[in-house]
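Keep in mind that the numbers below use all heavy atoms, side chains included, and drop hydrogens, waters and symmetry copies.
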Amino acid sequence: MGKFENILPTEYVVGVYTRRVVVDMESRLTLLGLLSAGPGHGYDLKRSWDHWFAASKPLAYGQVYATLARLVRDGLITQVETEPGAGPERKRYEVTDAGRQSVEQWLLTPVAPAGDVQANIFAKTVIALMLDDDAGRLLDLQRAEHMARMRELTRLKQDGDLRTVLLADHALFHIEADLRWMETTAARLSELREEVHS
């Protein structure tokens with residue numbers, strides 16, 4: 001395999017694009033980001049997730065509550081109160097300082113260009129807008145990451161065999177599509193901001 005092994009992740013080679021959208025979206029950090037917008041219950045988080053992200057990655061109630069339990073265990077959120085409900089008591093959670101730092105670091109860490117990454121970038125953009133953070137800066141950082149990967153792939157094509165060139169082209173076409181999507185999203189940030197805060 002030689003040079004070919006370092007060109008693309010396995011998912012490019014086998015072409016598992018639709019599955020990557022589901023697998024790549026970081027549900028733990030996305031839920032933490034949603035909770036960073038203000039304290040809430042598991043039900044509130046599930047409703048918010050379904051509104052924004054269910055098309056990319058459906059999330060069951062059980063996954064929400066299991067994730068909340070892990071976030072509490074890891075000190076990223078804390079339970080602030082318990083309220084009676086029609087069924088089990090409803091627990092209300094809020095983000096800790098450590099949780100806020102994790103969200104900030106996540107927002108500022110570009111997603112590695114590999115397959116369809118729009119689900120993750122979209123999640124970060126929505127969370128940034130919810131937190132009144134600079135979503136435009138986030139998209140700029142992501143564009144820079146994509147451009148760096150394009151330069152790497154273009155260099156690999158120069159001395160590569162046909163197989164290497166074709167695989168690199170395949171990756172480049174997907175990165176170009178990501179870049180077009182980011183440009184479109186950046187142009188509509190004001191519109192998306194209004195929807196997020198409505």
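- Counting heavy atoms from C-beta outward, Ser36 and Met130 have side chains that stay 4.5 Å or more apart.
- Distance check, rounded to the nearest 0.5 Å: CD of Glu145 to CE of Met147 gives 12.0 Å.
- Taking each heavy atom of Asn120 and Glu26 in turn, the nearest pair found is OD1-N, 3.3 Å.
- Distance check, rounded to the nearest 0.5 Å: CD of Gln158 to OG1 of Thr164 gives 13.0 Å.
- One finds the CG atom of Leu107 at 9.0 Å from the OG1 atom of Thr125 (value rounded to the nearest 0.5 Å).
- The backbone N or O of Leu59 lies less than 3.5 Å from a partner atom in the side chain of Lys46, making a donor-acceptor pair.
- Under the side chain to side chain donor-acceptor pair (under 3.5 Å) criterion, the residue pairs touching residues 58-72 are Thr67-Arg70, with sequence neighbours excluded.
- Under the 4.5 Å side-chain contact rule for hydrophobic residues, Leu189 and Leu108 do not share a cluster.
- Across all non-hydrogen atoms, the minimal contact from Val165 to Gly160 is CG2-O, 3.9 Å.
- The distance from atom OG1 of Thr109 to atom CG of Leu29, rounded to the nearest 0.5 Å, is 9.5 Å.
- Leu166 belongs to a hydrophobic cluster whose other members, connected by ILVMFWY side-chain contacts under 4.5 Å either directly or through intermediates, are Leu162.
- Contact check for His174 versus His170: side-chain heavy atoms found under the 4.5 Å cut-off.
- In this structure, the separation between CG on Leu45 and CG on Leu68 is 5.5 Å, given to the nearest 0.5 Å.
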Show me, pair by pair, the donor-acceptor contacts under 3.5 angstrom made by side chains of residues 73-81, not counting sequence neighbours?
from  : atom 1 : to    : atom 2 : distance (Å)
Asp74 : OD2    : Arg28 : NH2    : 2.7
Gln79 : NE2    : Thr82 : OG1    : 2.7

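- In terms of heavy atoms, Ala128 sits closest to Leu138 at CB-CD1, 4.1 Å.
- Residues Trp106 and Leu32 are not in side-chain contact: their nearest non-hydrogen atoms beyond the backbone lie 4.5 Å or more apart.
- Here the side chains of Phe53 and Pro58 are not in contact, with every heavy-atom distance at 4.5 Å or above.
- Using a 4.0 Å cut-off between charged side-chain N and carboxylate O, Asp140 and Arg137 make no salt bridge.
- Note that the CZ atom of Arg188 and the OG1 atom of Thr184 stand 8.5 Å from one another [nearest 0.5 Å].
- Considering every non-hydrogen atom in both Ala37 and Leu131, the closest pair reads N-CD2, 3.4 Å.
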Q: Decide side-chain contact (heavy atoms from CB on, under 4.5 Å) for His146 and Ile121; before the verdict, give the C-alpha distance in whole Å, the side-chain angles of both, and the deciding distance to 0.1 Å.
A: CA-CA 12 Å; His146 272 61; Ile121 301 169; 4.3 Å; yes
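- Glu152 and Arg155 are not joined by a salt bridge, as no carboxylate oxygen comes within less than 4.0 angstrom of a charged side-chain nitrogen.
- Between Leu139 and Glu183, the closest side-chain pair of non-hydrogen atoms is not below 4.5 Å.
- Between Arg47 and Asp44 there is a salt bridge, since a side-chain N of the basic residue sits under 4.0 Å from a carboxylate O of the acidic one.
- Of all heavy-atom pairs spanning Leu35 and Tyr93, the tightest one is CD1-O, 3.6 Å.
- The shortest non-hydrogen separation linking Leu129 to His197 is O-NE2, 2.9 Å.
- Residues Ile175 and Leu153 are in side-chain contact: their nearest non-hydrogen atoms beyond the backbone lie under 4.5 Å apart.
- Listed for the Arg100 side chain is a donor-acceptor partner under 3.5 Å among the backbone atoms of Val95.
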